Novice: 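Starting off with a structure, shown below.
For ligands, and for the atoms within them, numbers begin at 1 and follow the listed sequence. Values in this document were obtained by computation on a predicted structure and should not be read as measured data.
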Amino acid sequence: MERKWWHDKVVYQIYPKSFYDANNDGIGDIPGIIEKLDYLKDLGVDILWLTPCFRSPMKDNGYDVADYREINPMFGTNEDMDRLMKEAKKRGMGIMLDIVANHTSDQHAWFQQALQGKDNPYRDYYIFRDEPKPAIDSVFGGSAWEYEPHSKQYYLHEFAVGQPDLNTANPKVREEMIDIINYWLDKGAVGFRFDVIHLLGKEVDRGIFGYGPRLHEYVRQMADASFGRRDAVTVGEAWGDIQNAVDFTLPSRHELNMVFQFEVTTLSWSQGPMGKFAYHQPDMDAFKSIFAKYQDGLNDRGWNSLFLENHDSGRSVDVFGSTAYRYESATALATALYLQKGTPFIYQGQEIGLTNSPMALEDYDDVEIFGQYKALVEGGVCSKEAFLEGVYKNGRDNARIPLPWNASINGGFNAGATPWLKPHRDYATLNVEAEQGKSRSVLTFYKKLLKLRKGEFKNTFVYGDFALIYSEVKDFFAYQRNGEDGLVYVMVNLSKEAKHIELLAPVKRVLLQNQETDFQGKTSLDFGPYEAVVFTL
Ligand code: GLC
Ligand code: CA
């Protein structure tokens with residue numbers, strides 16, 4: 001496989017609204033990110049992915065874009081973004097932006113034009129129909145069709161009412177997106193994350209929403225005219241299966257470098273009508289076999305993204321680990337995840353083992369939580385209590401709570417102005433500063449882990465083959481990585497129960513571990529709850 005500049009890089013996802021509020025107005029901002037660049041450099045990450053920070057009425061926190069070329073004034077100015085790119089570059093880091101090509105805000109000039117009437121040239125940028133058909137629900141609850149009284153037609157919004165779907169079958173729409181991507185490439189963006197990219201080929205009248213017949217043609221066209229010729233790094237949010245992931249990332253197809261696939265993260269969702277709002281204890285054997293499937297499936301036919309958290313998920317300690325074993329499970333999950341083959345994506349706060357922080361219903365802000373409350377609780381599917389239990393695990397605002405930096409007011413997110421979302425309930429003890437400089441902390445472990453990935457065994461971790469081992473041991477994730485720099489073993493207990501493993505040869509060198517157990521020279525290994533070790537034989 002041809003080697004690429006980004007293969008050995010680590011991505012850190014920033015949710016600007018919740019990262020750091022430099023001007024103390026309650027909302028995180030770009031100057032705040034600039035202030036924290038040294039922290040990120042020290043952590044060992046290379047690329048910063050910012051969720052959308054363009055002008056937006058923020059109905060869906062920026063995934064409703066009103067102007068793709070203008071930075072949202074609540075986050076700063078276009079000059080601030082220039083400065084962020086420059087300051088990041090100085091430190092050897094790059095900025096990755098988030099492009100929403102499936103829909104815009106209803107405040108976008110294109111949609112405002114489209115509302116002028118059926119003859120307006122922008123009308124066909126969107127999807128208007130005389131009838132709300134085919135009947136389909138929006139992701140956030142309720143019908144995905146909104147009546148527009150002026151023209152007596154309905155427009156499609158697969159997400160919020162304020163997020164009308166673009167008609168990507170219209171070549172002009174694709175040209176607009178290409179221009180936008182090139183605009184940000186010229187400004188210095190090193191890559192892009194593409195929101196719900198699998199929806200771009202929809203053929204509504206045939207009832208096709210995801211993976212329409214022309215999807216790959218569109219993505220390829222965008223790649224050829226923008227990011228593909230500029231060697232940018234790309235990742236598409238693509239809800240689908242392994243074949244979909246191959247179709248997007250097979251290098252010879254010249255589409256995307258990676259996708260986010262959700263087979264693992266949705267293990268905590270119920271299959272019933274409550275979906276993510278009924279927490280389902282993840283089967284950790286399914287967890288490891290799904291990862292193994294992608295490792296194998298994309299080995300020579302694409303590239304994996306390695307993630308467990310993002311701005312749409314609960315915290316992985318709550319979802320896949322155990323809050324009673326916060327340090328152990330956060331570090332165990334990191335070891336299991338980030339030493340696989342692929343590009344690590346760390347979501348802000350994950351590096352300190354941040355947990356969920358339950359709140360009263362009215363303290364939430366998320367359009368999905370309120371939309372699904374209406375559909376599920378008011379719609380009689382479940383009780384308010386049951387719904388809130390689901391929110392406390394899988395609700396999106398868990399990840400959007402202002403990042404606690406220290407024990408001062410609002411967790412040091414700012415200088416005391418009321419944050420847009422309540423601070424974390426445990427910020428007095430669970431914050432960046434409390435994790436810093438300790439020999440045993442999640443943050444210290446993350447730094448060691450990233451150093452290990454980039455150190456003596458780098459080529460093994462970046463390009464080596466992956467093979468699952470001891471797969472019959474329940475809730476135990478073990479694999480070997482075999483590459484240019486040697487053979488490395490990774491063993492992780494993903495449960496609270498003790499595990500015992502017999503090796504064929506003694507442990508030669510321990511490269512990383514999250515407990516103090518002496519594994520050196522041993523062939524009989526005993527693992528405590530969420531214990532993890534990386535070694536050579
Ligand atoms: C993606 C984003 C999510 C957003 C949705 C609509 O799933 O990650 O935050 O609400 O797309 O843009
Ligand atoms: Ca601010």
Novice: Between Lys187 and Ile95, is there a side-chain heavy-atom distance shorter than 4.5 Å?
Specialist: no
Novice: Is a side-chain N or O of Lys41 found less than 3.5 angstrom from the main chain of Arg91, in a donor-acceptor match?
Specialist: yes
Novice: May I ask you to check whether over 12 heavy atoms, not counting those of His280, lie within 6.0 Å of atom NE2?
Specialist: no
Novice: Using a strict 4.0 Å threshold on nitrogen-to-oxygen distance, state whether Glu217 and Arg220 make a salt bridge.
Specialist: no
Novice: One pair per line, please: each N/O atom of ligand 1 matched with every protein N/O atom under 3.5 Å away, atom names first, then the distance to 0.1 Å.
Specialist:
| unit_1 | atom_1 | unit_2 | atom_2 | d |
| --- | --- | --- | --- | --- |
| ligand 1 | 7 (O) | Glu237 | OE1 | 3.2 |
| ligand 1 | 7 (O) | Glu237 | OE2 | 2.8 |
| ligand 1 | 8 (O) | Arg193 | NH2 | 3.0 |
| ligand 1 | 8 (O) | His311 | NE2 | 2.8 |
| ligand 1 | 8 (O) | Asp312 | OD2 | 2.5 |
| ligand 1 | 9 (O) | His311 | NE2 | 3.0 |
| ligand 1 | 9 (O) | Asp312 | OD1 | 2.7 |
| ligand 1 | 9 (O) | Asp312 | OD2 | 3.4 |
| ligand 1 | 9 (O) | Arg396 | NH1 | 3.4 |
| ligand 1 | 10 (O) | Asp60 | OD1 | 3.3 |
| ligand 1 | 10 (O) | Asp60 | OD2 | 2.5 |
| ligand 1 | 10 (O) | Arg396 | NH1 | 2.9 |
| ligand 1 | 11 (O) | Asp195 | OD1 | 2.8 |
| ligand 1 | 11 (O) | Asp195 | OD2 | 3.1 |
| ligand 1 | 12 (O) | His103 | NE2 | 2.9 |
| ligand 1 | 12 (O) | Asp195 | OD2 | 2.7 |

Novice: How many protein N, O or S atoms sit closer than 3.0 Å to the Ca ion (ligand 2)?
Specialist: 5
Novice: With Arg174 as the cation and Tyr218 as the aromatic partner, state whether NZ or CZ is under 6.0 Å from the six-membered ring centre and within 45° of the axis.
Specialist: yes
Novice: Is the Phe248 to His216 ring centre distance short of 6.0 Å?
Specialist: yes
Novice: I'd like to know whether Glu176 forms a salt bridge (Lys or Arg N to Asp or Glu O under 4.0 Å) with Lys172, so could you lay out the CA-CA distance, the side-chain angles of the two residues, the decisive distance to 0.1 Å, and finally the verdict.
Specialist: CA-CA 6 Å; Glu176 300 269 15; Lys172 285 200 197 117; over 6 Å; no
Novice: Name the one of Gln107, Glu70, His108 that satisfies side-chain hydrogen bond (donor to acceptor under 3.5 Å, both in side chains) with Arg55?
Specialist: Glu70
Novice: Would you kindly check if the NZ (Lys) or CZ (Arg) of Lys36 is within the cone defined by 45 degrees around the ring axis of Trp405 and under 6.0 Å from the six-membered ring centre?
Specialist: yes
